[in-house]
Structures are given as C-alpha cells and as structure tokens.
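We name chains A, B, ... by the order of the sequence lines, and we start the count at 1 in each one.
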Amino acid sequence: MAKIVVVTSGKGGVGKTTTSAALSAGLATRGYKTCVIDFDVGLRNLDLIMGCERRVIYDFINVIHGEANLNQALIKDKRIDNLYILPASQTRDKDALTTEGVSKVLNLLQDKFEFDYIICDSPAGIEKGAYLAMHFADTAIVVTNPEVSSVRDSDRILGMLSSRTQRACESLEPIKEFLLLTRYSPERVEKGEMLSLDDVKDILQIPLLGVIPESRAVLKASNMGVPVILDQESDAGQAYTDAIARFLGEDTPMRFVDNKKKGLLKRLFSTRAKEKVTT
Amino acid sequence: MVMGTITEAKAFELKGNMVTLPILYLNLSDFTLFDQQLQAVVAQSPRMFQQSPLIIDLSHILAGESIDFPRLLRALRSHAIVPVGIRNGSVEQQAAAKCAGLGIIAPGQGKKKSEPKKLAETAMIIHKPVRSGQQIYAKNRDLVILGSVSSAAEVMADGNIMVYGALNGKALAGVSGNENARIFCSVLSADLIAVAGHYKLRDSLEEQVVPQSPYGIQVFLDKQHLCIQKI
C-alpha cells in the first residue's frame with residue numbers, strides 16, 4: 001500500500017516544490033516507485049522544476065473530471081525509472097478539486113498503479129488546495145524557513161494536520177509530522193539575523209528530518225528543470241539525500257548546521273586584515 | 001353572482017425583533033437619593049436619554065417591598081425618558097406597575113443572575129501542543145495541556161488552565177465568571193492572560209518583571225487584581 005506524503009508549509013516560497021521534486025527523485029533513485037502530484041491548480045510549477053513542462057498534455061483536473069485516464073496524464077521521468085509526475089492544471093483554479101475526485105485518483109494510484117510513495121506538493125495557504133493535499137496523507141513534511149512568519153504559518157498548518165485530516169477526523173493513528181528546515185544559513189544565524197535551528201525546533205516541537213542550506217545550486221537546478229538532489233556536488237543536493245535517508249529510517253548525522261570554522265591561514269589573514277584597519 | 005375579492009393593503013405587520021434597551025436596576029425602593037443621582041447620570045450624556053425607552057428591573061428589590069411607581073415615572077419623565085415596563089417584579093409589584101400604565105416584561109427574558117457553574121469532575125486533557133490558530137475551550141471543567149500553547153492560539157476554560165510547556169498564546173481561565181480560577185504554566189510569555197474577565201495583555205506583561213521559576217508560574221485574581229507569581 002502506497003504511503004501518501006504531503007509536502008506543506010502554509011507560507012509560499014519556502015521550498016515546497018523544490019522539496020517535493022527532490023524527495024520524489026530521491027525516493028525513486030532508491031528504487032521506490034514514486035508519483036509526485038502538483039496540487040497547485042492554476043499556478044502549475046512542479047513540471048518546470050522536474051523539467052517536463054513540454055510533455056504535459058492531460059493533467060490532474062482532467063483525470064478528476066473523467067476527461068482523461070491516469071495513464072494518459074502521468075508523465076514518466078526521463079532520467080529516473082520509477083518516477084512519475086501528475087501535473088496540475090494551469091487553466092483552472094482550486095475549486096476544480098473535489099474531495100471525492102482526489103480520493104478517487106489517490107486510490108487508483110495506490111491500488112492499480114501500485115506506487116510505493118505518493119508525494120503531494122501542496123500549494124501555499126490554508127484553503128481548498130492545501131486542505132485537499134493534506135487530507136489523505138499518512139506523513140507530512142512541513143517545510144519551514146528560519147524566519148518568524150514562516151514558523152508561525154507552519155505552526156498553523158500543524159494545527160490543521162492534527163485536526164482536519166482524514167486520520168484526525170476518523171480518529172486513526174495520527175499523521176506523522178516532520179520538520180524540514182530550508183534556506184538555512186549558519187553564518188546569518190551566528191550574526192543573529194536568522195532564527196536558529198533550536199529556536200524553530202523549540203516552537204514547532206516535531207522531529208527534524210533535515211536542514212537544507214541556503215544554496216545557489218537550488219535556483220540553478222530549478223531553472224534547468226533538474227531536481228536539486230541530482231546535483232550531488234552541491235550542498236543542498238547532499239542535504240536532501242541525507243534527509244531522504246532519515247525519512248527511510250536511517251541514522252545520518254546532521255550536516256550544514258554549523259558555521260564552517262575557517263582554516264588557520266584564513267583566520268590569520270582575517271585578523272591581519274582587521275589589525276590593518278584598526279591601526 | 002360571485003363577489004370579486006379585493007386584496008386589501010396590509011395596514012401593518014407584526015414582527016418580533018431584538019432591540020437593545022437601557023435597563024434601570026432599581027436598588028432602593030426609597031427615592032430620597034434617586035432624583036439627585038438620576039440628574040447626575042443624565043447630565044453626563046443628556047442626548048442619550050432623550051425620548052429613550054427604558055425598562056425598570058426589580059431583581060434587586062425584595063418581593064415584599066412596595067414601589068411608588070407614579071413617583072418613579074414622574075422622575076424619569078422629567079428627563080424625557082420613556083419608561084416602558086418592568087421586569088423581575090413580584091406579583092404585587094407587577095400589579096402596581098400595571099396601575100401606573102407600565103408593561104410587564106415576561107420573566108425569563110431578563111438574564112438570570114449568572115451563578116458560576118459547577119465544574120465537572122474531570123479535566124479536559126490535551127496531549128499535543130496547541131498550535132497557532134487553534135482554539136480550545138474546556139466547558140465547565142479544568143483544562144490541562146501537555147505541551148506548549150503557540151502564539152496566536154487560544155485556550156479557555158471555565159475552571160483552571162494548566163500548561164505543561166510555554167504559554168505563548170492567549171489563556172482565559174474562569175471564562176464564565178469563576179474568580180477563583182487560576183492559570184498555571186511552565187514559562188509565561190503570553191499574548192493575553194485573563195481570569196474571570198480581568199485581563200492583561202502582552203504589553204503590560206512586558207512592563208512588569210515576569211518571574212521565572214523552575215516550578216512554573218501561576219496567575220490568579222486577588223481583590224480584582226491579576227497577580228503573577230512563581231510557584
């Protein structure tokens with residue numbers, strides 16, 4: 001039975017789609033048959049990040065409305081076996097999503113297509129799109145940036161996860177919640193410009209899946225239509241790989257959370273430079 | 001021959017509407033102090049009382065006491081107030097009011113004096129942190145939260161509130177008037193705390209030094225003042 005995972009945050013622009021792309025690509029690379037669904041109807045982005053925008057013919061809404069079948073709408077990734085994308089509609093809005101329709105599609109993906117993981121890329125906000133993306137989930141990954149508004153919105157989303165999802169409504173085993181802290185910059189935390197990992201953990205009080213450092217590789221990968229996890233040279237790509245290992249229950253040390261200690265030479269040079277300024 | 005029916009225009013319609021009327025709670029059946037005090041009240045906002053209908057409430061008057069309604073009406077009308085009826089009077093008082101041309105407002109329409117409700121025996125226990133945007137109300141009972149209350153979350157109880165974690169949101173204990181209710185928490189940095197309607201906001205909490213204690217903080221009412229103490 002496929003595990004349904006929602007990637008959510010409340011706030012926009014924190015890295016939900018980047019994370020959905022990385023998570024699905026990572027799980028598929030590990031050999032799990034994975035489908036990633038874009039719930040952001042009307043603001044379709046996932047296809048761009050996954051680099052399959054030219055191959056979208058039918059979409060999620062077409063399947064819900066019975067205008068196409070899932071076989072026609074699912075796009076098979078060209079780089080990774082086992083990875084499929086179900087794009088959102090760009091011409092409709094969130095009202096085109098219905099609880100029954102989403103349930104029907106998820107059931108088909110689980111039973112007929114036998115996926116191992118279904119990743120639901122939630123839109124921002126707490127309205128219908130976000131609500132339906134989380135409603136059937138078994139696991140939630142809450143993507144948060146180290147700043148106060150993102151943390152508060154994540155807190156709000158966690159409240160919804162524990163009260164309005166199917167698991168909550170039917171008093172089943174509660175949904176598993178994980179924190180993924182993205183765009184983290186240890187230098188700025190040290191300067192006091194950014195909330196620290198401990199601050200965020202203190203407020204949200206859920207297990208930490210990983211910390212993704214602020215990285216130029218993310219924007220570059222997005223623009224090229226390649227999930228950043230495939231760029232294993234980059235710190236963000238490695239951090240996502242670690243996060244997926246933890247998601248699968250492996251014990252991996254947390255990287256990219258401490259400010260890099262400067263080497264002896266660099267330190268000598270920087271104190272020299274400072275002395276020069278003061279004299 | 002069939003008579004043609006003529007539809008008559010409706011002369012009126014009868015509807016029940018909620019309106020807000022001022023209510024005068026009579027405390028003394030003796031009127032020696034009444035005129036002077038009424039004069040003072042009307043002088044504060046004369047326009048508010050101009051031709052304003054008013055209901056006289058007798059719940060503070062003993063059933064056996066007789067009231068000089070003509071005297072009361074003269075006093076009120078001299079300030080252009082229009083008394084329309086009484087409520088919560090005894091049978092004799094109602095009869096006297098009827099003689100004076102006042103209406104009788106049926107009992108039960110007035111708010112009964114609210115006694116603090118008896119609390120249920122078991123507390124409501126919340127096993128998770130209360131998140132931003134969530135509201136929890138423990139009706140007629142205590143509320144125990146095993147976790148923090150996030151900022152912009154609200155917890156309310158008719159009884160006490162106990163937070164085993166940081167209280168960052170709003171906490172209102174004794175919301176139906178229990179002045180003995182208390183708030184307990186491990187760390188206090190609330191947006192608002194209130195006991196039986198007496199409240200303090202974050203600003204005023206920041207002004208005073210909120211004590212810190214390894215055993216936690218309690219908030220309670222002492223002579224209508226909200227006190228914050230370490231346990």
So does A:Glu250 have more than 12 non-hydrogen atoms from other groups sitting under 6.0 Å from CD? yes
Donor-acceptor pair, side chain of A:Asp155 and main chain of B:Arg131, under 3.5 angstrom: no
Around atom NZ of B:Lys200, are there more than 12 heavy atoms of other residues, nucleotides or ligands at under 6.0 Å? yes
Above 12 or not: heavy atoms from other molecules or residues under 6.0 Å from NZ of A:Lys176? no
I need the B:Ser148 OG to A:Ile203 CD1 distance, nearest 0.5 Å. 9.5 Å
Which pair of heavy atoms, one from B:Gln134 and one from A:Gly159, lies closest together, and at what distance? NE2-O, 3.3 Å
Contacting moiety of A:Ser162, where chain B heavy atoms sit under 4.5 Å: both
dist A:Asp153:CG -> B:Ser132:OG (nearest 0.5 Å) comes out at 7.5 Å
Atom NZ of A:Lys94 with >12 non-hydrogen neighbours under 6.0 angstrom: yes
Does the pair A:Arg152 and B:Ser151 meet the rule for a side chain to side chain donor-acceptor pair (under 3.5 Å), with working shown? CA-CA 8 Å; A:Arg152 171 177 285 185; B:Ser151 108; 2.8 Å; yes
Can you find a heavy atom in the side chain of B:Lys128 that is under 4.5 Å from one in the side chain of A:Pro174? no
